[in-house]
Amino acid sequence: MFTMQSIWTIFSWCLVASVSAGGQLKLQLNPGCNGTTVCDMNHILVTTRSFPNASFSYMYLWSDVGMPAVSVARTTKPESLKMEWSDEAGEKPVKGIELERDYLQTTLFSRLIAVNTTTYTPGQGHYFVCDLANGMWVLNSTDPERYDQDSVSSTKLELTRFPDGLMDDRCDFSMNLSTSDTEGHEYALPRLKYSENSTRWSLGFSNFNLSRDGEDLSVQVGLSYVLEMIIIPDSKQKELHLSSGRFLDDEYTPSQFWHSQIESGPAPRQGFHYWKPIVYTNSSTRNIKNSVHVELYKDRSTNKDRLLTLQEAHIDLNDSYSLASMLADGNITMEDVRVAYFLFNATTDKDQVFNLVVGIGEVPSDSISLTVILIISLGLGLPALILIFGVPSVTIYRRCSKKKQQGYTQIQ
């Protein structure tokens with residue numbers, strides 16, 4: 001016989017086992033940067049995700065050096081990460097970086113553009129550009145030392161970028177990055193599914209100046225925003241696969257039954273991007289009313305979503321400095337880099353947010369929620385029960401009635 005104490009003991013063991021099986025997170029902010037002005041003006045948060053009894057670790061590098069970037073790596077020696085910093089905060093604050101890994105993929109966000117989608121060609125027809133490699137990034141934390149910890153259950157890095165006065169800097173931009181040692185759904189809509197091998201990236205942009213030579217461009221018909229994302233794949237998985245699909249569950253993203261993802265190859269050595277096609281135009285009140293649909297750039301000849309090459313997008317990464325350029329494998333050429341364009345309708349709202357999950361290994365997948373299961377069970381289960389039990393009951397009833405009628409003598 002199991003007593004309540006023994007049941008609780010078994011439950012506690014299972015709980016401890018499930019937590020310990022998830023491993024731990026180790027955080028470092030600007031590793032190797034010792035108290036210079038470079039540390040104050042540049043932010044690189046390194047999150048190492050270790051698993052017990054495993055021969056590998058996941059490592060995420062969140063950086064605002066140059067273009068804001070997230071690098072995901074699968075490494076057998078996380079302690080091999082070494083950064084050589086400059087003495088002064090200039091165009092190249094990091095002189096060099098070393099990291100032993102067997103897989104690496106880097107994602108950059110470079111520009112926010114306003115275009116007319118009816119005539120838009122990548123690299124041409126820009127109404128305004130918010131260059132994310134320029135400006136001043138500020139760490140929204142009063143205690144940066146809290147990041148330098150050996151074991152935590154979750155991490156969060158909040159950065160805000162302010163224009164530096166250049167003519168092409170006409171918006172504010174913020175990054176909110178987080179990861180945890182468990183899997184689940186984001187609290188805020190669109191409640192993206194995340195896992196132990198992924199990091200969540202929330203991108204907010206506000207205070208647009210949609211004008212050119214005194215002309216208000218926000219009233220133009222067909223005007224849309226384009227968020228430019230650059231993906232530098234690993235040399236072992238150069239091919240990037242873009243896919244979209246429907247999912248049944250509507251509990252986490254009302255009216256959005258679509259998800260999209262970019263994968264670089266088979267798990268476990270693959271990088272991935274996962275998102276739902278929605279941008280919220282009010283970060284504090286996220287609902288159907290305060291949202292617009294997102295779609296990727298489509299090939300005009302096939303009308304299918306497509307990733308572009310740097311040449312097609314008219315981008316020259318050799319002219320820009322970022323941590324990604326130092327991390328990129330020597331076997332990666334500019335022809336292997338791909339560019340994704342997220343298009344969404346322009347609105348008068350000055351506060352918009354887009355969410356993305358970036359990771360390595362298995363892509364998080366949404367299971368059918370209990371709410372949907374109950375609805376399906378009630379919707380299909382009751383009619384099925386009526387058919388199963390109702391038809392035989394009616395048949396038996398009719399046969400019994402017929403036999404009773406045969407026992408009577410007809411009145412002449």
Side-chain angles (χ1 to χ4, degrees), residues 67-68 107-135 160-163 166-176 189-190 192 201-213 215-231 242 244 253 256 258 260 262 273 275-300 305-308 312-315 338-356:
M67 297 180 187
T107 305
L108 306 169
F109 279 96
S110 53
R111 296 181 297 177
L112 181 67
I113 309 168
V115 301
N116 191 311
T117 53
T118 58
T119 59
Y120 174 59
T121 300
Q124 302 174 13
H126 298 162
Y127 284 122
F128 97 111
V129 176
C130 178
D131 190 347
L132 304 183
N134 297 323
T160 302
R161 170 194 168 279
F162 297 97
L166 298 177
M167 290 299 294
D168 61 351
D169 276 325
R170 304 180 183 182
C171 68
D172 296 339
F173 197 85
S174 63
M175 293 192 300
N176 191 320
L189 290 175
L192 284 176
W201 200 350
S202 179
L203 308 165
F205 25 98
S206 58
N207 296 327
F208 304 130
N209 180 9
L210 282 177
S211 62
R212 182 181 60 182
D213 299 329
E215 177 188 3
D216 185 7
L217 301 176
S218 61
V219 297
Q220 289 200 10
V221 178
L223 189 68
S224 293
Y225 297 130
V226 175
L227 184 62
E228 189 176 72
M229 183 176 78
I230 302 173
I231 305 174
L242 174 63
S244 298
T253 317
Q256 291 295 326
W258 282 91
S260 300
I262 300 172
H273 304 76
W275 70 94
K276 292 181 180 179
I278 188 169
V279 163
Y280 289 99
T281 57
N282 189 320
S283 59
S284 59
T285 307
R286 302 188 185 189
N287 51 35
I288 298 175
K289 180 181 179 181
N290 298 324
S291 64
V292 292
H293 183 73
V294 175
E295 62 179 22
L296 286 183
Y297 174 78
K298 293 184 181 297
D299 190 314
R300 291 184 177 177
D305 298 342
R306 190 165 74 87
L307 303 175
L308 282 71
E312 291 174 319
H314 300 275
I315 298 175
R338 290 293 179 266
V339 183
Y341 283 108
F342 297 95
L343 288 80
F344 48 99
N345 295 332
T347 67
T348 57
D349 299 277
K350 302 299 183 182
D351 177 20
Q352 306 197 24
V353 62
F354 176 64
N355 295 273
L356 188 77

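What you see is a predicted model; the values in this text were computed from it and never measured.
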Would you check if L227 and L203 make a side-chain contact, meaning some heavy-atom pair closer than 4.5 Å?
yes
Lys/Arg N to Asp/Glu carboxylate O, K298 vs D305, below 4.0 Å:
yes
Check: I230 and S110 side chains under 4.5 Å, non-hydrogen atoms:
yes
If we ignore hydrogens and angles and just use 3.5 Å, is the side chain of T285 paired with the main-chain N or O of N282 as donor and acceptor?
no
Step by step, work out the side chain to side chain contact (heavy atoms under 4.5 Å, CB included) result for S291 and V279.
CA-CA 6 Å; S291 64; V279 163; over 6 Å; no
Any side-chain heavy atom of R111 sitting closer than 4.5 Å to one from V226?
no
I need the R338 CZ to I231 CD1 distance, nearest 0.5 Å.
10.0 Å
Evaluate ring-ring contact (aromatic ring centres under 6.0 Å, His included) for W275 paired with F342, printing each intermediate quantity in order.
CA-CA 11 Å; W275 70 94; F342 297 95; 5.2 Å; yes
Sub-4.5 Å side-chain heavy-atom contact between H273 and L356:
yes
Show the numbers, then the answer: is there a side chain to side chain contact (heavy atoms under 4.5 Å, CB included) between E228 and L112?
CA-CA 6 Å; E228 189 176 72; L112 181 67; over 6 Å; no
Do F344 and E295 pass the side chain to side chain contact (heavy atoms under 4.5 Å, CB included) test, and can you show the C-alpha distance, the side-chain angles, and the key distance before you say yes or no?
CA-CA 7 Å; F344 48 99; E295 62 179 22; over 6 Å; no
With sequence neighbours excluded, tell me which residues meet salt bridge (Lys or Arg N to Asp or Glu O under 4.0 Å) with R286.
none
Between I278 and V292, is any pair of side-chain heavy atoms under 4.5 Å apart?
no
Determine whether F109 and M67 make a side-chain contact, defined as any pair of heavy atoms from C-beta on separated by less than 4.5 Å.
no
So, taking the atom named OG in S202 and the one named CG in L192, what distance separates them when rounded to the nearest 0.5 Å?
9.5 Å
Mutual orientation of the aromatic rings belonging to F205 and F173 [parallel < 30°, tilted 30-60°, perpendicular > 60°]:
parallel
Minimal heavy-atom distance between A313 and Y341, with the atoms involved, is CB-OH, 3.3 Å
Does some side-chain heavy atom of T107 sit less than 4.5 Å from a side-chain heavy atom of W201?
yes
Are Y225 and L343 packed together at the side-chain level, in the sense that at least one heavy-atom pair is separated by less than 4.5 angstrom?
no
Lys/Arg-Asp/Glu bridge criterion (N-O < 4.0 Å) met for E312, R306
yes
